[in-house]
Each structure stands twice: as structure tokens, then as C-alpha cells.
Protein chains: 2
Amino acid sequence: MGHGTDGMIPTVASEPAVDAVARTMHALATPSRVHLLLRLRTGPRTVGELVDDVGMEQSAVSHQLRVLRHLGLVVGDRDGRQIRYRLHDDHVAQLLDEAVFHVEHLTSGLTDTPGLTDA
Amino acid sequence: MGHGTDGMIPTVASEPAVDAVARTMHALATPSRVHLLLRLRTGPRTVGELVDDVGMEQSAVSHQLRVLRHLGLVVGDRDGRQIRYRLHDDHVAQLLDEAVFHVEHLTSGLTDTPGLTDA
DNA sequence: CACACCTATGAACGCTCGTTCATACTTTCA
DNA sequence: TGAAAGTATGAACGAGCGTTCATAGGTGTG
């Protein structure tokens, strides 16, 4: 059972929502950001720790963290001269888990030619 | 695709899964595809119908449908000289609903400056 | 105050990707 | 079989984006 639109089916789903979905899902459309988010899902980490975890440069990590910040997915708290990042709330963690879950359970029935179930 | 590591709790989430998530979520990272998917969520539609629904050219629709097909999110069944597309399964519909749900409930606590909860 | 440490920012480059234009393919009908 | 309808495909162009390089901003320490 899914939450969300229980019962009522979105006949067309408001147009504005379309852009909002695309914009937010954009955060999960890049390996580097997914990597960072999954890392933060295990708990708060400083930028330096994240740099060590994923194989990215400090600048790249900072840039991506800014993107995630603007999307409201992560929050940074200053601790001394370093900044500790964390997922914004459980909502984000849940979204992450579901993304991973769905991907791992996608019936891989890829199709190359339309009109056929497989080819 | 292979699940390299065991099927355990995502303490760190296997590296390969990261790319898989990013690749699939990529489908939801563009307004045009979200539009098409949400439309298909209300039931099967032919390409022509989709063209009328969303404000895209036939070619663009066909191109995006191909992307969604390769990702295993939609399936096309030939019906006469037109092809009727539909979501691959309930899984995809659920993923869509959850995406919309989460976006609509994202505590919009955007932050521009790190180290501060708001500014 | 000067310096090292940590993180953020801006510019630039390369690449990916979505769209458009033109065309080919498949199916139906006369 | 020739034509029209419906859809797919390839090339090309432009925009958006992720990375790197260089540098600035802020923080603690001696």
C-alpha cells in the first residue's frame, strides 16, 4: 500500500507538480549525489569525512552539497571550523530507501522494440 | 546488472546500486518524462493521444518513450497501426505516487548558507 | 595578528541530454 | 500496389550540468 494519493487518482496531476517532481528527483539522478545522500543516511558527516568516503574532490563535494541544500534535502551545522551535514529529515531518508528498494525490485523486462514484450 | 554485495541492510549501500538508482531516477528528473509517466498512470494511451495531452512534438514523445522503455518503466503494445503505451507494472505507478507524495510534503526549509538552519 | 585548517565560491571546460528537423519504417485501406 | 496514417529513428544544435582549477571566506591556534 502506498501512501500519497490514497483512493483518489490524479487524473492529470497538477502541472506545477510535474516540475517540482522533476526538480527534486534531479537530486537522485546523479551517482555522486546518491553516493553522498546514502552516506549521510547512515548519520551526520563532515565535509572532510564525505570527501574521504566518496572518491570526489573537496570542491566537487561542496558543490553537490550546495545543490542538495537548495533542494532542502540536507542541512549543514557548523561545528568548530568544520561543517557537519545531515539529511534534512526522516522524509528524505525514506525517499532514499524507497528509491533503492524500487530499483532493486524493478522487473528488468527491458524492451528495445515497441509493440513487443521482448526482442 | 549484478548485486555484488550481499542482500543486506544498506549500511553503506553497495557501490553498483548507486549507479542503478541514479540511472532509474533519471527518468523522473525531467518534466517531459514525468508528464508522460503521470499521464500513463491514469491508463494506457497511444502515442498520438500522449502527443495531444502533453504539448510536445510527436518526435520528442517518441524519443522519451524510448528512454522510458529502455529503463523498463513503460511497455508498448501494438494495436493496429498505432502503439498503446502503459506503465510496466504497479511498481512504477507506486514509485510515481511516492515521488509526487514526497515532493508535496517536503518541508520546504531551504537553506542558502551552510552552518545555519535558516538565513 | 599571522598562519594553518576546513569549507565555500566562481569561472571554465567537457560532456550529457532534450529538443527539433527530416526521413524511414510499419500497417491499413482503396 | 500506391497512398495515407501512425510511429520510430538518426543527425544536429543548444542548453544544462558535473567536474576541476584556482581562490576566497571563515575559524581556531600559537
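Worth knowing before you read on, the calculation uses all heavy atoms, side chains too, and leaves out hydrogens, waters and symmetry mates. All chains are named by letter (A, B, ...) in the order of the sequence lines, taking the proteins before the strands, and each is independently numbered beginning at 1.
Here the closest non-hydrogen pair linking Val75(A) and His88(A) is CG2-CD2, 3.6 Å. The two residues Ala20(B) and Val103(A) make their nearest non-hydrogen contact at CB-CG1, 3.5 Å. Looking at every heavy atom in both residues, Ala27(A) comes nearest to Leu37(A) through O-CD1, 4.5 Å.
With salt bridges taken as basic N to acidic carboxylate O contacts below 4.0 Å, one links Arg84(B) and Asp79(B). With salt bridges taken as basic N to acidic carboxylate O contacts below 4.0 Å, one links Arg39(B) and Asp53(B).
Distances shown here put every side-chain N or O of Arg33(B) at or beyond 4.0 Å from the OP1 or OP2 atom of dC17(C). In this model, the phosphate group of dT19(D) is approached by a side-chain N or O of Ser32(A) to a distance below 4.0 Å at OP1 or OP2. Between Ser59(A) and dT20(D) there is no side-chain N or O to OP1 or OP2 distance below 4.0 Å. In terms of phosphate contacts, Gln58(B) brings no side-chain nitrogen or oxygen within less than 4.0 Å of OP1 or OP2 of dT20(C). The shortest distance between the side-chain N/O atoms of Tyr85(B) and the OP1/OP2 oxygens of dG6(D) is not below 4.0 Å.
If you measure from atom CG of Leu65(A) to atom P of dT7(C), you get 10 Å, rounded to the nearest angstrom. One can place CE of Met56(B) at 13 Å from P of dC21(C), the figure rounded to the nearest angstrom. Distance CG (Leu36(A)) to P (dT19(D)): 9 Å, rounded to an integer number of Å. Note: CD (Glu49(A)) to P (dC5(C)) measures 18 Å, nearest angstrom. Spacing between atom CZ of Arg66(A) and atom C1' of dG18(D) amounts to 13 Å, rounded to whole angstrom units. Protein atom CD1 of Ile83(A) is 18 Å distant from nucleotide atom P of dC5(C), rounded to whole Å. Atom pair Leu71(A):CG and dC17(D):C1' shows a separation of 13 Å (rounding to whole Å applied). Following rounding to the nearest Å, Leu50(B) (CG) and dA8(D) (P) show an atom-to-atom distance of 10 Å.
Using modelled atom types and a 3.5 Å distance limit, the side chains of Gln94(A) and His102(B) yield no donor-acceptor pair.
For the pair Leu36(B) and Gln64(B), the minimum side-chain heavy-atom distance is below 4.5 Å. Arg45(B) has its side chain within reach of Leu40(B): a pair of non-hydrogen atoms, C-beta onward, lies under 4.5 Å apart. Residues Met25(A) and Val21(A) form a side-chain contact, since some pair of their non-hydrogen atoms from C-beta on lies under 4.5 Å apart.
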Any chance you could list the contact pattern along nucleotides 11-16 of chain D? Use B for base contacts, S for sugar-phosphate-only contacts and - for none, protein heavy atoms under 4.0 Å, 5' to 3'.
B-----
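Arg84(A) comes within 4.0 angstrom of nothing in the nucleic acid, heavy atoms only.
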Close N or O pairs between protein and nucleotides 24-30 of chain D (under 3.5 Å):
none

